[in-house]
Amino acid sequence: MAVQLNELFFIFLTITQGGCMFPNNHWGEWNDSQLQPTIQRLMKGYNRYLRPNFNEGPVEIGMSLDIASIDAISEINMDYTATIFLRQRWRDSRLVFPGNESVSVDGRLVSLLWIPDTFIPDSKRSFLHDVTVENRLIRIFSNGTVLYALRITATIACNMDLTKYPMDKQVCTLQLESWGYNIQDVVFYWTRGNDSVKGLDTLRLAQYSVESYYTSVSEAVYETGHYPKLVLHFSLRRNVLFFILETYVPSILLVVLSWVSFWISQSSVPARTCIGVTTVLTMTTLMMGARTSLPNANCFIKAIDVYLGICFTFIFGALLEYACAHFYTMQLQTIEDLHRELLREFAESNGSGLVPVVSSNQPNQSMEVVSTAEEPTEEPVVSDIRNHAASTEKVRSRGCGLSSVKDASRRAAAVFIVKNPHNIDRHARTVFPTAFLFVNILYWLYYLFL
């Protein structure tokens with residue numbers, strides 16, 4: 001370290017003061033009589049505004065990366081923030097010096113050398129770390145090879161497909177391009193292929209795991225020409241366990257809770273209504289909370305939205321089931337009360353004093369009139385009722401086409417009349433769980449394997 005600091009100090013004074021003399025010291029393998037002319041010769045006539053191999057072909061620049069961390073991945077902004085160590089290598093024949101050692105130069109002297117104009121095209125925000133000094137490294141080898149390293153934190157755009165969220169897999173890229181030098185001036189390449197990228201294998205993220213990555217070399221085509229480009233592709237698989245515990249399990253439990261009302265008596269109106277309304281409101285709150293961390297773009301119908309919609313449909317269907325069951329129960333009760341009242345009035349009009357009772361629970365079938373008194377006049381009364389019904393049918397048969405239309409409408413309405421409303425709850429106990437299980441199988445097969 002002392003040798004490198006002395007060399008740095010010597011280079012700095014040689015450049016700024018035209019080559020001052022130092023006391024006789026040894027600098028690595030060279031003494032001062034050998035080192036001073038070498039440094040002076042390196043910097044003499046060096047023009048940092050001209051690239052190496054000017055008018056002699058493109059400069060080959062090797063790249064390597066260390067991914068220190070991926071701090072945040074935002075689905076709302078569709079970007080990720082990463083801290084990377086970017087290393088660039090190129091050969092500058094103007095910096096060749098004798099020996100086999102390398103010289104580390106202070107990063108603040110980077111303005112004295114030519115460096116590539118590499119940039120990240122998809123970067124939204126980026127900065128170079130400067131604590132305690134700017135995190136730069138410049139190392140010059142005896143054959144003229146220059147190693148230039150930076151520590152950068154950048155927020156980079158990543159186009160995401162959220163249709164399978166949270167069972168999705170995102171493929172993000174990190175691109176490196178030359179800003180002003182085209183492919184005739186500069187050529188980019190990865191120094192060791194896929195092994196040029198380090199750190200992704202050991203990276204630990206909150207919601208993702210790195211599934212795979214690879215590197216590629218391509219060209220960026222703009223109006224001003226063709227420019228070199230290096231691309232790092234990496235796939236991120238979202239960890240779905242968190243969402244299963246936070247969203248899917250509560251949704252399933254809410255659906256199961258809505259089925260409890262099928263085992264409660266239809267006469268318990270407050271209890272069944274309270275369960276239905278509570279589950280609907282809770283499911284609505286859960287749906288709103290699941291969307292807070294996601295973009296509101298209409299182009300994405302996400303997998304979690306589909307599942308929450310399915311659960312909401314079943315919960316709302318359970319509430320409607322009780323509404324229908326209660327409606328048909330009240331309808332049947334009204335019809336029975338009406339028929340009982342009509343038969344009572346008919347019996348009283350004949351002066352028999354009998355109180356008829358409807359013994360059938362099916363309003364669309366013929367009803368039997370039973371007397372509570374054991375008198376011999378029971379059969380004549382029943383025959384009178386039947387004769388009256390027969391005469392009524394004869395009158396209807398003589399009617400015009402309007403009566404036939406009325407009969408047809410009555411038969412159509414009878415289709416929607418439930419004979420036993422309690423069967424609605426009895427069937428719902430089987431239909432709702434079976435349908436929900438079937439829909440779940442289709443859902444998970446589609447989003448996990450297709």
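Values reported hereafter were calculated over all heavy atoms of this structure, with side chains retained and with hydrogens, waters and symmetry mates removed. Position 1 is the first residue of the sequence, and the numbers go up from there.
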Practice task
Using distance alone, with no hydrogens and no angle criterion, decide if Tyr46 and Asp92 have a side-chain donor and acceptor under 3.5 Å apart.
Solution key: yes
Exercise for the section: Verify side-chain hydrogen bond (donor to acceptor under 3.5 Å, both in side chains) between Tyr307 and Asn440, making sure each step is shown before the conclusion. Expected result: CA-CA 9 Å; Tyr307 194 82; Asn440 268 270; 2.7 Å; yes
Problem - Residue of the set Trp114, Phe141, Tyr181, Phe188 for which ring pair (Phe, Tyr, Trp, His ring centres under 6.0 Å) holds with Trp90 - result: Trp114
Problem - ring pair (Phe, Tyr, Trp, His ring centres under 6.0 Å) against Tyr214, all qualifying residues, sequence neighbours excluded - result: His233
Handout entry: Heavy-atom neighbours of Arg87 CZ exceed 12 at 6.0 Å
Key = yes
Exercise for the section: Report, as yes or no, whether the 6.0 Å neighbourhood of atom OH on Tyr446 holds more than 12 heavy atoms from other residues, nucleotides or ligands. Expected result: no
Exercise for the section: Decide if atom CH2 of Trp263 counts as having more than 12 heavy atoms of other residues, nucleotides or ligands within a radius under 6.0 Å. Expected result: yes
Handout entry: More than 12 heavy atoms from other groups under 6.0 Å of OH on Tyr222
Key = yes
Handout entry: Close side-chain approach of Arg237 and Ser235, heavy atoms under 4.5 Å
Key = no
Practice task
Give, for atom OH of Tyr447 and atom CE of Met167, the distance between the pair rounded to the nearest 0.5 Å.
Solution key: 7.5 Å
Practice task
Apply side-chain contact (heavy atoms from CB on, under 4.5 Å) to Leu86 and Asp66, showing your working.
Solution key: CA-CA 7 Å; Leu86 173 62; Asp66 273 5; over 6 Å; no
Practice task
Look up atom CG in Asp185 and atom CG in Asn53, then write down how far apart they are to the nearest 0.5 Å.
Solution key: 11.0 Å
Practice task
Determine, step by step, whether Ser64 and Thr191 satisfy the side-chain hydrogen bond (donor to acceptor under 3.5 Å, both in side chains) criterion, reporting the C-alpha distance in whole Å, the side-chain angles of both residues, the deciding distance to 0.1 Å, and the verdict.
Solution key: CA-CA 6 Å; Ser64 63; Thr191 56; 4.6 Å; no
Practice task
Please check if any side-chain donor atom of Thr155 sits under 3.5 Å from a side-chain acceptor atom of Thr81, or the reverse.
Solution key: yes
Practice task
Flag this pair as yes if the NZ/CZ of Arg429 is under 6.0 angstrom from the six-membered ring centre of Phe262 and inside a 45 degree cone about the axis; otherwise no.
Solution key: no
Exercise for the section: Measure the acute angle between the ring planes of Tyr443 and Tyr248, then classify it against the limits of 30° and 60° as parallel, tilted or perpendicular. Expected result: tilted
Exercise for the section: Return yes if a side-chain donor-acceptor contact under 3.5 Å exists between Arg272 and Tyr322, otherwise no. Expected result: no
Problem - Asn143, CG: over 12 other non-hydrogen atoms inside 6.0 angstrom - result: yes
Exercise for the section: Would you indicate whether the side-chain heavy atoms of Asn135 and Asp130 approach each other to under 4.5 Å? Expected result: no
Practice task
Answer yes if the side chains of Asp425 and Gln266 hold a donor-acceptor pair under 3.5 Å, and no otherwise.
Solution key: yes
Exercise for the section: Determine, stepwise, if the pair Val110 / Ile115 fulfils side-chain contact (heavy atoms from CB on, under 4.5 Å). Expected result: CA-CA 8 Å; Val110 67; Ile115 58 174; 3.7 Å; yes
Completion exercise
One should read off an interatomic distance between Leu308 CG and Lys302 NZ, to the nearest 0.5 angstrom, of 10.5 Å
Problem - Distance-only polar pair, side chains of Asp122 and Gln175, donor-acceptor under 3.5 Å - result: yes
Exercise for the section: Evaluate the side-chain contact (heavy atoms from CB on, under 4.5 Å) criterion for residues Val210 and Leu236: first the C-alpha distance (whole Å), next the side-chain angles of each, then the deciding distance (0.1 Å), finally the verdict. Expected result: CA-CA 5 Å; Val210 180; Leu236 299 173; 3.8 Å; yes
Practice task
Please step through side-chain hydrogen bond (donor to acceptor under 3.5 Å, both in side chains) for the pair Tyr148 and Arg89, ending with a clear verdict.
Solution key: CA-CA 6 Å; Tyr148 180 46; Arg89 294 173 181 267; over 6 Å; no
Exercise for the section: Run the numbers on Trp190 and Val217 for side-chain contact (heavy atoms from CB on, under 4.5 Å), then give the verdict. Expected result: CA-CA 8 Å; Trp190 294 105; Val217 181; 3.8 Å; yes
Exercise for the section: Taking the side chain as every heavy atom from C-beta outward, state whether His326 and Val269 have any pair of such atoms under 4.5 Å apart. Expected result: yes
Handout entry: Validation row: Met63, Gln88 side chains within 4.5 angstrom (heavy atoms)
Key = yes
Exercise for the section: Taking atom types as modelled, find out whether Thr118 and Glu177 have a side-chain donor-acceptor pair closer than 3.5 angstrom. Expected result: no
Problem - Sub-6.0 Å ring centroid separation between Phe436 and Trp259 - result: yes
Handout entry: Arg139 versus Ser104, side-chain donor and acceptor atoms under 3.5 Å
Key = yes
Completion exercise
When rounded to the nearest 0.5 Å, the distance separating CG of Asn239 from CG of Leu205 is 8.5 Å
Exercise for the section: Kindly state whether the ring of Phe234 and the ring of Tyr80 have centres lying under 6.0 angstrom apart. Expected result: yes
Practice task
Indicate yes or no: does Lys169 engage Glu211 in a salt bridge with an N to O separation below 4.0 Å.
Solution key: yes
Exercise for the section: Flag the pair Glu75 and Arg238 as a salt bridge only when some basic side-chain nitrogen lies within less than 4.0 angstrom of an acidic carboxylate oxygen. Expected result: yes
